[in-house]
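The structure under discussion appears below in the form of structure tokens.
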Amino acid sequence: MATLRQFEYLVTVVDTGSFTRAAELLHVTQPALSHQVRALEKSVGGPLLERLPRGVRLTPVGRAVLPHARAALADAGRARAAARQAAGLAGGELELATVYSVSLGILPPVLRAWRAAHPGVRIRLREFAHNEELRAAMAAGQADVAVGTPPADWEGPIRELGVEEFVLVLPEETAAVSGRVPLAELAGCDWVHYAPGNGLADLLDAACAEAGFRPRAAVRTEQTAAAPLLAAAGLGPALVPANIVPAGFEGLVRRPEPPVRRPLAAYTRTRPDALTAAFVELLSGRACLLPDHVAGLLSGDGYS
């Protein structure tokens with residue numbers, strides 16, 4: 001039967017890319033490390049690693065086993081943290097995963113409130129470019145709770161947070177535009193787009209496709225926060241989550257027609273422990289999907 005120590009050895013070899021470096025990091029001899037990896041291979045019924053002239057490579061069996069090894073180690077770490085917390089030995093640590101736009105627009109005030117209420121609990125934040133990457137990381141055991149779009153076919157608990165609204169940020173030369181802006185009217189524009197692999201790039205492409213065109217990119221950015229600034233600087237329209245528009249923003253902000261929205265949720269693999277449940281509860285009450293300062297910029301456009 002596979003052991004946690006064997007899983008730890010496998011993960012460390014993969015992460016370092018070397019049996020030698022893994023042995024040094026684990027403070028064991030290389031023969032002892034190799035012996036445990038072979039024992040794990042015997043337990044799962046096939047080779048896990050291929051030794052290369054420089055480094056190692058996962059076999060198909062290894063690629064199948066690795067996510068489970070990571071999840072087992074993460075679960076064991078959380079069990080130890082929960083035991084220490086129950087014994088009053090430590091404040092604990094919460095591992096939180098999300099996508100870039102949520103960490104920028106929604107989480108800061110939530111984390112500020114959490115820190116004020118639980119100053120002894122550390123937060124480890126993992127950020128991903130795409131919701132599919134977020135889902136995969138959560139399934140692999142890399143976090144206690146994920147915040148993003150509700151994942152399809154998810155077997156664990158899901159807490160709905162509401163619907164996030166997207167707005168258009170337009171260059172100064174369109175200052176005469178008032179009210180809602182039909183996306184189809186922007187078909188001839190060069191857009192502030194997002195880098196390939198960013199989930200917002202897919203969202204923009206889908207919204208424009210529904211309006212009957214494919215957006216041309218004037219620039220592509222990996223930084224979600226840069227999109228409204230680049231649009232306001234005149235590079236082209238940008239479609240951004242309303243909650244990332246900063247207070248005091250002087251650019252032109254309008255709602256698109258048809259509306260562009262996405263649901264958000266917090267989800268876990270299993271029933272959350274007390275620490276995770278407390279965070280999800282605070283998140284549900286504090287998550288601001290449409291800040292007041294952005295609602296003010298949008299007032300009078302015909303939307304409630």
Taking [atom1] in [X] as the centre, count heavy atoms belonging to other residues, nucleotides or ligands within less than 6.0 Å. Is the count above 12?
X: Glu222; atom1: CD; answer: no
X: His293; atom1: NE2; answer: yes
X: Arg5; atom1: CZ; answer: no
X: Gln223; atom1: CD; answer: no
X: Arg286; atom1: CZ; answer: no

Atom pair [atom1] ([X]) and [atom2] ([Y]), whose distance is rounded to the nearest 0.5 Å:
X: Leu186; Y: Arg254; atom1: CG; atom2: CZ; result: 12.5 Å
X: Gln6; Y: Leu33; atom1: CD; atom2: CG; result: 11.0 Å
X: Leu73; Y: Thr12; atom1: CG; atom2: OG1; result: 8.0 Å
X: Thr268; Y: Trp154; atom1: OG1; atom2: CH2; result: 8.0 Å
X: Glu8; Y: Thr3; atom1: CD; atom2: OG1; result: 9.5 Å
X: Leu204; Y: Arg214; atom1: CG; atom2: CZ; result: 11.0 Å

State yes or no: do [X] and [Y] share one hydrophobic cluster built from I, L, V, M, F, W and Y residues joined by side-chain heavy-atom distances below 4.5 Å, directly or via other members?
X: Val56; Y: Leu58; result: yes
X: Leu4; Y: Val37; result: yes
X: Leu239; Y: Phe213; result: yes
X: Leu168; Y: Leu235; result: no
X: Phe166; Y: Val192; result: no

Exercise for review: Examine distances only and state if a side-chain atom of Trp191 and a backbone atom of Ala231 form a donor-acceptor pair shorter than 3.5 Å.
Suggested key: no
**Study point:** Sidechain-backbone polar pair: Arg21 side chain, Thr16 backbone, donor-acceptor under 3.5 Å
**Key:** yes
Between [X] and [Y], is any pair of side-chain heavy atoms under 4.5 Å apart?
X: Arg63; Y: Arg57; value: yes
X: Arg255; Y: Glu165; value: yes
X: Leu49; Y: Val14; value: yes
X: Tyr194; Y: Val240; value: yes
X: Val294; Y: Phe249; value: no
X: Arg159; Y: Leu283; value: no
X: Ser34; Y: Arg51; value: yes
X: Leu264; Y: Val147; value: no

Review point. Taking Thr224 as the fixed residue, which of Leu104, Val99, Val102 is the one that meets the side chain to side chain contact (heavy atoms under 4.5 Å, CB included) rule?
Key: Leu104
Exercise for review: Test side-chain contact (heavy atoms from CB on, under 4.5 Å) on Leu107 and Leu96 and set out the steps.
Suggested key: CA-CA 10 Å; Leu107 285 185; Leu96 172 63; 3.8 Å; yes
Closest heavy-atom contact between [X] and [Y]?
X: Arg262; Y: Leu200; value: NH1-CD2, 3.7 Å
X: Ala238; Y: Ala227; value: CB-O, 3.8 Å
X: Ala242; Y: Pro291; value: O-CD, 4.1 Å
X: Ser103; Y: Thr98; value: CB-CG2, 3.7 Å
X: Gly148; Y: Tyr267; value: N-CE2, 4.5 Å
X: Thr59; Y: Glu50; value: CG2-N, 4.1 Å

Review point. Would you say the side-chain atoms of Asp273 and Thr276 include a donor-acceptor pair closer than 3.5 Å?
Key: yes
Practice item. Take Arg135 and Asp153, measure what salt bridge (Lys or Arg N to Asp or Glu O under 4.0 Å) needs, and give me the verdict at the end. Key: CA-CA 11 Å; Arg135 184 194 189 285; Asp153 303 322; 5.8 Å; no
Practice item. Check step by step if side-chain contact (heavy atoms from CB on, under 4.5 Å) holds for Val65 and Phe7. Key: CA-CA 9 Å; Val65 169; Phe7 281 153; 4.3 Å; yes
Practice item. Determine, stepwise, if the pair Asp144 / Phe279 fulfils side-chain contact (heavy atoms from CB on, under 4.5 Å). Key: CA-CA 10 Å; Asp144 300 303; Phe279 178 82; over 6 Å; no
**Study point:** His193 and its side-chain hydrogen bond (donor to acceptor under 3.5 Å, both in side chains) partner, picked from Asp205, Thr221, Asn198
**Key:** Asp205
Check your understanding: side-chain contact (heavy atoms from CB on, under 4.5 Å) between Asp202 and His130: does it pass, once the steps are laid out?
Key -> CA-CA 9 Å; Asp202 295 343; His130 200 287; 2.8 Å; yes
Check your understanding: Residues in salt bridge (Lys or Arg N to Asp or Glu O under 4.0 Å) with Arg220, at least two apart?
Key -> none
Check your understanding: Looking at residues at least two apart in the chain, or sitting in another chain, which of them share a salt bridge (Lys or Arg N to Asp or Glu O under 4.0 Å) with Arg269?
Key -> Asp75
